[in-house]
Asker: 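Structure provided below as C-alpha cells; questions to follow.
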Amino acid sequence: MKRDTAILIIYTGGTIGMVHEPVSGALVPFNFDHILQQVPELRRFDFRIDTLTFSPLIDSSEITPENWIKLAATITEKYNSYNGFVILHGTDTMAYTASALSFMLRNLYKPVILTGSQLPIGVLRTDGKENLITSAEIAASTINGKPAVPEVCIYFENRLYRGNRTTKLSAEHFKAFESPNYPPLAEAGIDIKFNSDAILYPTVRQNLKLVTSYSSDVAILKLFPGITARLAGRILETPRLKGVVLESYGAGNAPTHKDFIDKIAAFCNKGGVVVNVTQCFRGSVNQSIYETGRALTSAGVISGNDMTTEAAITKLMIVAGSCPGKEEIERLMKKPLCGEIAV
Ligand code: ASP
C-alpha cells in the first residue's frame with residue numbers, strides 16, 4: 001500500500017446508491033455500505049480509501065447552495081489529510097454542484113472528482129462501478145509527484161471534464177455529460193491519458209480559500225420567440241434581484257423591440273447585472289456581430305462568452321454574494337476564476 005496516499009469518498013446520494021422502494025418501486029437513496037459491497041475492487045487499490053456519508057442522502061434535484069457549502073467546508077476541513085476527493089452525486093444537478101464548488105474552493109491544488117451513474121450500482125449493467133473505480137484512481141493520481149488534476153472535475157463514461165465546463169447531456173445514455181466548449185482533461189482507456197495542456201496547474205501554490213457567501217437574488221431568463229416585455233419585466237422587477245443570466249439565441253442575440261430592451265436597460269441602470277450566455281449547446285456569445293446583440297450591449301448587458309448556464313448562474317450567485325458593487329460583479333463575471341470562461 002502507498003501508505004502516504006489516501007482519498008476520501010463523500011457520498012451525497014443520487015442514482016448510483018439508490019435501490020427500488022419495495023412498495024412504490026420508486027428509486028430512493030440507500031446507504032454507503034451497499035455501494036462498497038457492490039464494488040469490492042476498491043479494496044485492491046494500493047492507497048487508502050476513507051468514506052463519508054452525508055445525511056440525509058438526497059436525490060440531486062433537492063440540492064441547495066447550503067449543500068454546496070457543506071461539501072466545500074468538508075473538503076476544506078479534510079484538505080490536509082487526503083490527496084484527493086471523490087464526490088458521489090446525482091447526475092441531475094451535478095454540473096451545477098461542480099461549478100459551484102470550483103468557485104467556492106479557491107486556489108484548489110488537489111483533485112475533487114464528482115461522479116455518479118445512470119443505473120444504480122446494484123444493477124447488473126450499472127455504469128456506476130467503472131465511474132467510481134476510475135474516479136478513485138484519478139483522485140489518487142500524481143504526475144511527477146504532483147496531483148494529476150488539481151481541479152473540480154466530473155468523471156463520467158471514460159472521460160474527465162472540468163466541472164464548470166460541463167452540462168448534463170442525456171437522461172438515458174451512459175454518456176450523461178459533455179463539455180461543449182472545452183476539451184476533456186483526461187480519457188480512460190487501457191491507460192488514463194491526462195491532457196496536460198488542458199489542465200490548470202497553478203503556477204504559485206497558495207492556501208486553499210473557502211468562499212461560502214452567495215446570493216439567491218439571481219435568476220435565469222431564457223428567451224423564446226414571443227416572450228413578452230411583461231414577462232421579462234416581472235422577472236427583472238423582482239425586489240432585491242441582483243443579477244440575471246440571459247439565455248439568448250445563437251451568438252448572443254435577442255429581440256430588439258423597445259418594450260423588451262427598455263426592461264433590461266431599466267434593470268441594468270438601477271444596478272442589476274445581466275450576463276448573456278447562448279442557448280446553443282456549443283459556441284459563445286459575441287454581442288458585436290448582429291444588431292440584435294448590439295442592442296443588448298447598449299442596454300448594459302455583458303457577455304458571458306462561452307460559459308455554460310450552470311457555470312454562469314453559480315458564479316453569479318457566489319460573486320454577487322461576496323461583492324455587492326455592480327462594477328466589481330461585472331469585472332469578475334468576465335474574468336476566468338478557474339477556467340470556466342475563455343480569455
Ligand atoms: N435523480 C437522480 C439524481 O440526480 C438522477 C441521477 O443520479 O442520475 O439524484
Side-chain angles (χ1 to χ4, degrees), residues 9-39 42 51-72 74-75 85-102 104 112-136 138-139 152-161 163-180 188 220 281 308-311 313-314 317:
I9 300 178
I10 304 171
Y11 175 39
T12 68
T15 296
I16 190 160
M18 289 188 184
V19 291
H20 288 282
E21 213 239 344
V23 181
S24 67
L27 279 171
V28 290
F30 202 56
N31 70 39
F32 198 82
D33 293 343
H34 164 74
I35 297 186
L36 290 179
Q37 273 163 21
Q38 305 297 327
V39 199
L42 284 174
T51 62
L52 187 70
T53 302
F54 271 17
S55 174
L57 291 168
I58 53 170
D59 184 299
S60 77
S61 317
E62 311 272 12
I63 216 101
T64 66
E66 292 305 315
N67 297 116
W68 299 336
I69 291 175
K70 188 173 164 191
L71 268 171
T74 302
I75 289 168
F85 300 84
V86 173
I87 300 173
L88 300 180
H89 191 290
T91 57
D92 289 347
T93 59
M94 193 185 285
Y96 290 90
T97 298
S99 299
L101 290 181
S102 75
M104 288 178 159
V112 174
I113 316 293
L114 287 100
T115 195
S117 66
Q118 295 283 55
L119 279 176
I121 207 139
V123 170
L124 207 53
R125 287 178 52 249
T126 186
D127 50 330
K129 274 190 177 195
E130 197 283 324
N131 286 347
L132 173 53
I133 291 169
T134 308
S135 294
I138 291 171
V152 178
C153 306
I154 287 184
Y155 178 78
F156 227 90
E157 184 69 358
N158 304 326
R159 292 204 166 176
L160 183 75
Y161 304 106
N164 58 33
R165 289 291 196 160
T166 58
T167 194
K168 186 169 177 182
L169 178 73
S170 173
E172 56 185 301
H173 291 132
F174 286 152
K175 183 175 165 44
F177 290 90
E178 182 57 273
S179 167
I220 298 173
F281 177 65
T308 59
T309 300
E310 293 90 331
I313 191 70
T314 52
M317 288 171 101

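The residues of the chain are indexed from 1 along the displayed sequence. Each ligand, and each atom within it, is numbered from 1 in the order the structure gives. Values below: every heavy atom of this structure, side chains too, minus hydrogens, waters and symmetry copies. Keep in mind that this is a model prediction, so the values were computed, not measured.
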Asker: Do any N or O atoms from the side chain of Asn131 and from the backbone of Phe156 form a donor-acceptor pair under 3.5 angstrom?
Answerer: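 Side chain of Asn131 to backbone of Phe156: no pair is present.
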Asker: Heavy atoms only: which of Ile63, Leu57, Asp92 lies closest to atom 1 (N) of ligand 1?
Answerer: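 Among Ile63, Leu57, Asp92, the closest heavy atom to atom 1 (N) of ligand 1 belongs to Asp92.
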Asker: List every atom of ligand 1 that sits less than 4.0 Å from any heavy atom of Gly14, numbering the atoms from 1 in the order shown and giving each element.
Answerer: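 Answer, ordered by atom number: 7 (O), 9 (O).
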Asker: Roughly how far apart are Ser179 OG and Leu169 CG, rounded to 0.5 Å?
Answerer: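 Interatomic distance, Ser179 OG to Leu169 CG, rounded to 0.5 Å: 11.0 Å.
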Asker: Just jot down the ligand 1 atoms closer than 4.0 angstrom to any heavy atom of Thr15, in number order.
Answerer: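 Those atoms are 2 (C), 5 (C), 6 (C), 7 (O), 8 (O).
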Asker: Quick one: do the Thr167 and Glu310 side chains pair a donor with an acceptor below 3.5 Å?
Answerer: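 Present: a donor and an acceptor within the cut-off.
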Asker: To the nearest 0.5 angstrom, please state how far the OG1 atom of Thr126 sits from the CZ atom of Phe174.
Answerer: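 Thr126 OG1 to Phe174 CZ: 7.0 Å, rounded to 0.5 Å.
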Asker: Does any N or O of ligand 1 fall below 3.5 Å from an N or O anywhere on His89, backbone included?
Answerer: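 No; every N/O pair is 3.5 Å or more apart.
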Asker: Would you say Thr91 has any N or O atom under 3.5 Å from an N or O of ligand 1, going by distance alone?
Answerer: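 Yes; at least one N/O pair falls below 3.5 Å.
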Asker: Compute whether any side-chain donor of one residue and acceptor of the other, for His89 and Thr97, lie under 3.5 angstrom apart.
Answerer: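 Judged by distance alone, the side chains do pair up.
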Asker: Between ligand 1 and Asp59, is the shortest N or O to N or O distance under 3.5 Å?
Answerer: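 Between Asp59 and ligand 1 (N or O atoms, distance only) the closest approach is under 3.5 Å.
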Asker: Counting only nitrogen or oxygen atoms and a 3.5 angstrom limit, does Ser60 reach ligand 1?
Answerer: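 Such a contact does occur with ligand 1.
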Asker: Can a donor-acceptor pair be found between the side chains of Ser102 and Asn164 at a distance below 3.5 Å?
Answerer: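 On atom types as modelled, these side chains qualify, holding a pair under 3.5 Å.
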Asker: Is the contact between Ala176 and ligand 1 made by the side chain, the backbone, both, or neither, using heavy atoms and a 4.0 Å cut-off?
Answerer: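 Contact part for Ala176 vs ligand 1: neither.
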Asker: Give the atom numbers and elements of ligand 1 that come within less than 4.0 Å of a heavy atom of Ser117.
Answerer: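 Those qualifying, in numeric order: 8 (O).
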Asker: Give the C-alpha distance, both sets of side-chain angles, the deciding distance and a yes or no for side chain to side chain donor-acceptor pair (under 3.5 Å) between Ser170 and Lys175.
Answerer: CA-CA 7 Å; Ser170 173; Lys175 183 175 165 44; over 6 Å; no
